[in-house]
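Here the structure comes first, spelled out in structure tokens, and everything after it is commentary.
Protein chains get the first letters and strands the later ones, always in sequence-line order, with residue 1 at the start of each. What you see is a predicted model, and the numbers here were worked out from it, not measured in a lab.
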Amino acid sequence: MTAISVVLPDGSTRELDDGATAFDLASSIGSGLAKAAVAAVVDGSLVDLSTTLHDNALVSIITSTSDEGRHVLRHSTAHVLAQAVTRLFPGAKFSVGPAIENGFYYDFDLPGGATFSADDLDAIESEMRRIVDEDQPFIRSEMTPSEALALFADQPYKCEIIQRVTAADGDSLDAGEVGSGDVISAYRNCDDFVDMCVGPHVPSTSRLQHFALQRTSGAYWRGSEQARMLQRIYGTAWESKAALQAHLQQLEEAAKRDHRRLATELDLLSFPSEIGGGLAIWHPRGAIVRRIMEDYSRSRHERGGYQFVFTPHLANGKLFATSGHLDYYADGMYPPMEMDNGTYYMKPMNCPMHCLVYGSRQRSYRELPIRLFELGNVYRYERAGTLHGLMRIRGFTQDDSHIFCREDQLADEVASLLDFVLSVLRAFGFDEFTFNLSTKDPEKYVGSDEIWEKATDALRTALDRHGLTYGVKDGDAAFYGPKIDIDVRDAIGRSWQLSTIQADFNNPERFDLEYIGADNARHRPIMLHRALFGSIERFFGVLLEHYAGAFPTWLAPVQVRVLPVSAAHETYARHVVEMLAEKNIRVDSVDAGDALGKRIRAAKLEKIPYVLVVGDDDVAASTVGVNPRGGDVDRDVPLADFMQSILAEITEATAKAMTA
RNA sequence: GCCUGGGUAGCUCAGUCGGUAGAGCAACGCACUCGUAAUGCGUAGGUCGUGAGUUCGAUUCUCAUCCCAGGCUCCA
């Protein structure tokens, strides 16, 4: 038998028998690798382990512990899911089943429009385990589109995909399913299950041990609300039991941090159904934190050269006709109110009002840039199914600003905004950011192409000048202009989109805004929309999850709780409370009705930063026992020392926040 | 808006194959006066989300509606 030679990623070569597969290569390197291998990359393409290697091929083995490997694992598990469903629901039609972050899903159309119930999930998962135990091989075959159409004749969704990819104007959406064009590949597990798929797959179902089905939901075919709703099943799959458990644990951790749960547990706010969906009421504890956030925001803006304005919650519809909101966003606005002299709407944005502030008198080029700031309450009619605690809410407050500037000021203004945004976000404990530039949506925009190009360039230039790397989201812009979005990464690695900076050449035109230039002629200012927190409500929710309810001392609703050991120490406890309160420290005390241990536990569950225990020794020596959140108890601390240290902590955090 | 599941005491949940409900924690009372994450005993608390229908009788079955959860779609 002749030999071939293949090149490994480290540049070394390896001799193999002619006809050897990628799996043979993995085995020749080591049995451990062969066991962990799920696929291979040959000359840059991800392929099955069963792929026959050619001489001089550049080969790397993909193991299940890499991102690519897990992707293969998850995709293969999706196939097993589909097979289980066809066994349990004869006649089920299946559409697509991709791997996604941390897992996979598969969409089905059940006979008679049936739907999955929670019990079905258990049965399907058991069936999947049976298929895994059967150790079925994934066997690849390739065919022409017409052969594929024949093979999948009873699978209308598959046929539609085949027709789309082979059509002249075939879009890339389906390429991931079947590859592009002339050759359609399919994987057969056994006589009665074959699925169209570009692959690769693990060699056999026995490699798919560590998975769990998670939930079912409806999902529109091809993501279109006009299309048929299919039944989707989500699952997760991992390379090992430990990895699966770690993932499930992380989900639990995230659930524990859920801001809706913490908001109830910590008595911060609630969503009474008497008010209606998507509307929150702030309880005293939550309102304190919010007020501190807002005060901080106000003082930062004051120092940043912003001028404060107030505008009403309602406006005549003509205003939103001028701004274009009624043309592009009427569905997302609260329904109109007919009143004596016109049709009124709740405002969905503050910008039209700020345009009126600008336009209220003649402006000189010397005044620019004019930075108008408002904590503006806006109302948007979010569809019922999209509401989600504070994260998606119908009434909220934007830390909103509109900057009117000259064209020659634009780049500097955007650049300094980027600094400003990051500094404010850092003050709240975020230090990992990602940036995205969103460009014109060809379906939904106002203004000329030229204006859009100008605005997009301005944003791009600012990002480049800052040396920031950023993604581009084509077609994601607002209807009036392109934007930069800033995402933060939270304490458990999740990403949240918070801030936005939007360039707008359109509204100044629509509102006919002008300034008198140095040349004594009239000019059009440029407008920047920007919000740092975005929505105060949402930002609060993100913070709550980021800190898991344990706000840093400067933000904590109650900073100190004083606990007298027994009734004899209550007078002294009150004295301690007074001393601290005098320094504007948020402090309370709980008298000795319950056992000390119980009161400490209660304070810990409330996530109060400092618990002060005072007993005989403390009364005698004017000291306190300091029990800090997440730290060790420190007895006999002079009260004056504690006060000094907590004040230093608070002012340091605030000062750092102010100058970060 | 669409799909699935849910709404029982302040919170977390159990339960009723149709005969008006129970636990733990919290609250309140009494005893205990306690040095760093749950002292003991007792009391009170619910027209079982809301409205209608079926029924001798509905928290339970049916329908409508509101709200909540997870997705889909949407998010200026």
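- The side chain to side chain donor-acceptor pair (under 3.5 Å) test applied to A/T500 returns A/D485, A/Q502, not counting sequence neighbours.
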Could you list the protein-to-nucleotides 9-11 of chain B atom pairs, N/O on both sides, closer than 3.5 Å?
none

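- A donor-acceptor contact under 3.5 angstrom links the side-chain atoms of A/R392 to the base of B/rC74.
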Between the protein and nucleotides 37-41 of chain B, list every N/O to N/O distance that falls short of 3.5 Å.
unit_1, atom_1, unit_2, atom_2, d
B/rA37, O4', A/R601, N, 3.4
B/rA38, N9, A/R601, NE, 3.4
B/rA38, N7, A/R601, NE, 3.3
B/rA38, N7, A/R601, NH1, 3.1
B/rA38, N6, A/R601, NH2, 2.5
B/rA38, N1, A/R601, NH2, 2.8

- Show your reasoning for whether side chain to side chain contact (heavy atoms under 4.5 Å, CB included) applies to A/Y105 and A/I100. CA-CA 7 Å; A/Y105 67 78; A/I100 54 175; 3.8 Å; yes
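- The side chain of A/K256 places no N or O atom within less than 4.0 Å of a non-bridging phosphate oxygen (OP1 or OP2) of B/rU12.
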- Task: Report the secondary structure of RNA chain B in dot-bracket form, marking unpaired bases with a dot and bases paired to a different strand with |, and treating Watson-Crick or G-U pairs with both distances under 3.5 Å as paired.
- Result: (((((((..((((.....[..)))).(((((.......))))).....(((((..]....))))))))))))....
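- Spacing between atom CD of A/E606 and atom P of B/rU36 amounts to 20 Å, rounded to whole angstrom units.
- For A/K483 and A/N436, the side-chain atoms include no donor-acceptor pair closer than 3.5 Å.
- Taking A/R74 as the reference, nothing meets the side chain to side chain donor-acceptor pair (under 3.5 Å) condition, with sequence neighbours excluded.
- Counting non-hydrogen atoms under 4.0 angstrom, A/Y328 reaches nothing in the nucleic acid.
- A donor-acceptor contact closer than 3.5 angstrom links the side chains of A/W496 and A/D490.
- Relative orientation of the A/H325 and A/F479 rings is perpendicular, given thresholds of 30° and 60° on the angle between their planes.
- The side chain to side chain contact (heavy atoms under 4.5 Å, CB included) search around A/D327 returns none, not counting sequence neighbours.
- Judged by distance alone, with hydrogens and angles left aside, A/Y220 brings a side-chain donor or acceptor within reach of the base of B/rG1, the pair sitting under 3.5 Å.
- Not one side-chain nitrogen or oxygen of A/T386 sits closer than 4.0 Å to the OP1 or OP2 atom of B/rC74.
- Residue pairs satisfying the side-chain hydrogen bond (donor to acceptor under 3.5 Å, both in side chains) criterion with at least one member in residues 345-359 of chain A, sequence neighbours excluded, are listed as follows: A/T311-A/K347, A/K347-A/N350, A/N350-A/Q398, A/N350-A/D400, A/H354-A/E374, A/H354-A/H402.
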Compile the donor-acceptor pairs under 3.5 Å between side chains in residues 108-115 of chain A and protein atoms, sequence neighbours left out, one pair per line.
unit_1, atom_1, unit_2, atom_2, d
A/D109, OD1, A/R228, NE, 3.2
A/D109, OD1, A/R228, NH2, 3.2
A/D109, OD2, A/Y157, OH, 2.5
A/D109, OD2, A/R228, NE, 2.7

Would you list the protein and nucleotides 68-70 of chain B atom pairs, both N or O, that sit under 3.5 Å from each other?
unit_1, atom_1, unit_2, atom_2, d
B/rA69, OP1, A/R260, NH1, 2.8
B/rG70, OP1, A/R260, NH1, 3.4
B/rG70, OP1, A/R260, NH2, 2.7
B/rG70, OP2, A/R260, NH1, 3.2
B/rG70, OP2, A/H388, ND1, 3.2
B/rG70, O2', A/R215, NE, 2.7

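- To the nearest angstrom, C1' of B/rC72 lies 15 Å from CG of A/D109.
- Screening residues 375-385 of chain A for side-chain hydrogen bond (donor to acceptor under 3.5 Å, both in side chains) gives A/E225-A/R383, A/H313-A/N377, A/N377-A/T397, A/E382-A/R392 as the qualifying pairs, with residues at least two apart or on separate chains.
- Remark: A/Q231 pairs with no residue by the side chain to side chain donor-acceptor pair (under 3.5 Å) rule, at least two apart or across chains.
- Here A/N507 pairs with A/D504 under the side chain to side chain donor-acceptor pair (under 3.5 Å) rule; sequence neighbours left out.
- With ring centers used as reference points, A/F539 lies under 6.0 Å from A/F533.
- Checking the phosphate oxygens (OP1, OP2) of B/rC74, no side-chain nitrogen or oxygen of A/Y381 falls inside 4.0 Å.
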